[in-house]
Amino acid sequence: SVFFHYFTQGSVPPEPAGRSLIEGIGRPRVEPSFLPRLIDRMIRVPDSASIAALHYLEGLINRKCGGSTGTNFYAALVLAAEMQARGERGSVVTMIGDSGERYLETLYDEDWRRARRLEIKPELERLSAFHRRGKLIHSGCSGEPAPRFDPP
């Protein structure tokens, strides 16, 4: 995402490294409404993890959600696991940004994902394992690749 690069480097990358498939996050330019000084931290989440998270969340709440909600949910789990590892107690709050109904032919469509080589099964297994055991393996650094959930 151009937003992550802008947040961590203070500039737009000279050559975009490929756009995210998550609407809004995958924009090729930094919008004027993006105010990095108001952000404490950003966590990089790959598309496959975002999409797996929205599918997993649907199973939990029986409601379809959009891709950015999947991204937020995944990052919220990372934060919760970091708190747990430090022995902290508290709450992590995130929002459901939009309904997933408009993504039925994309993020929710297996053929669409297959055409883009997006494999979400490993991420779904990691989410399920995290839910069962509360254990998460990740780098803890927002500039590193996305965290990895402990496999079942």
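Start at 1 with the first residue, then count along the sequence.
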Heavy-atom side-chain contact between [X] and [Y] under 4.5 Å:
X      : Y      : value
Ile43  : Leu79  : yes
Ile51  : Ile22  : yes
Thr106 : Tyr103 : yes
Ile25  : Phe4   : no

Chi angles and distances behind the side chain to side chain contact (heavy atoms under 4.5 Å, CB included) call for Leu21, Trp112: CA-CA 11 Å; Leu21 296 172; Trp112 183 89; 3.9 Å; yes
Would you indicate whether [X], at its atom [atom1], is surrounded by more than 12 heavy atoms from other residues, nucleotides or ligands within a distance under 6.0 Å?
X      : atom1 : result
Glu110 : CD    : no
Asp111 : CG    : yes
Arg117 : CZ    : no

Once rounded to the nearest 0.5 Å, what's the spacing between atom [atom1] of [X] and atom [atom2] of [Y]?
X      : Y      : atom1 : atom2 : answer
Thr8   : Arg41  : OG1   : CZ    : 13.0 Å
Arg44  : His5   : CZ    : NE2   : 9.0 Å
Phe3   : Ile39  : CZ    : CD1   : 9.0 Å
Leu77  : Arg126 : CG    : CZ    : 14.0 Å
Ile120 : Ser50  : CD1   : OG    : 11.0 Å
Glu123 : Asp47  : CD    : CG    : 11.0 Å

Are Met95 and Leu35 connected, step by step, through hydrophobic side chains (Ile, Leu, Val, Met, Phe, Trp, Tyr) whose heavy atoms are closer than 4.5 Å? no
With a 4.5 Å cut-off on side-chain heavy-atom distances among I, L, V, M, F, W and Y, is there a chain of contacts connecting Leu60 to Val93? no
Ile61: which residues meet the side chain to side chain contact (heavy atoms under 4.5 Å, CB included) condition with it, sequence neighbours left out? Leu57, Arg63, Cys65, Ile96
Name all residues meeting the side chain to side chain contact (heavy atoms under 4.5 Å, CB included) criterion together with Arg29; count only those two or more places apart in sequence or in a different chain, and write none if there are none. Glu31
Steps toward side chain to side chain contact (heavy atoms under 4.5 Å, CB included) verdict (Ser128, Tyr56): CA-CA 8 Å; Ser128 180; Tyr56 194 78; 4.0 Å; yes
Please list all pairs meeting salt bridge (charged side-chain N to carboxylate O under 4.0 Å, His left out) that have one or both residues in residues 94-107, counting only residues at least two apart or in different chains. Glu23-Arg102
Quick one: does any side-chain atom of [X] pair with a main-chain N or O of [Y] as donor and acceptor, under 3.5 Å?
X      : Y      : answer
Thr69  : Gly97  : yes
Arg113 : Glu119 : no
His55  : Lys121 : no

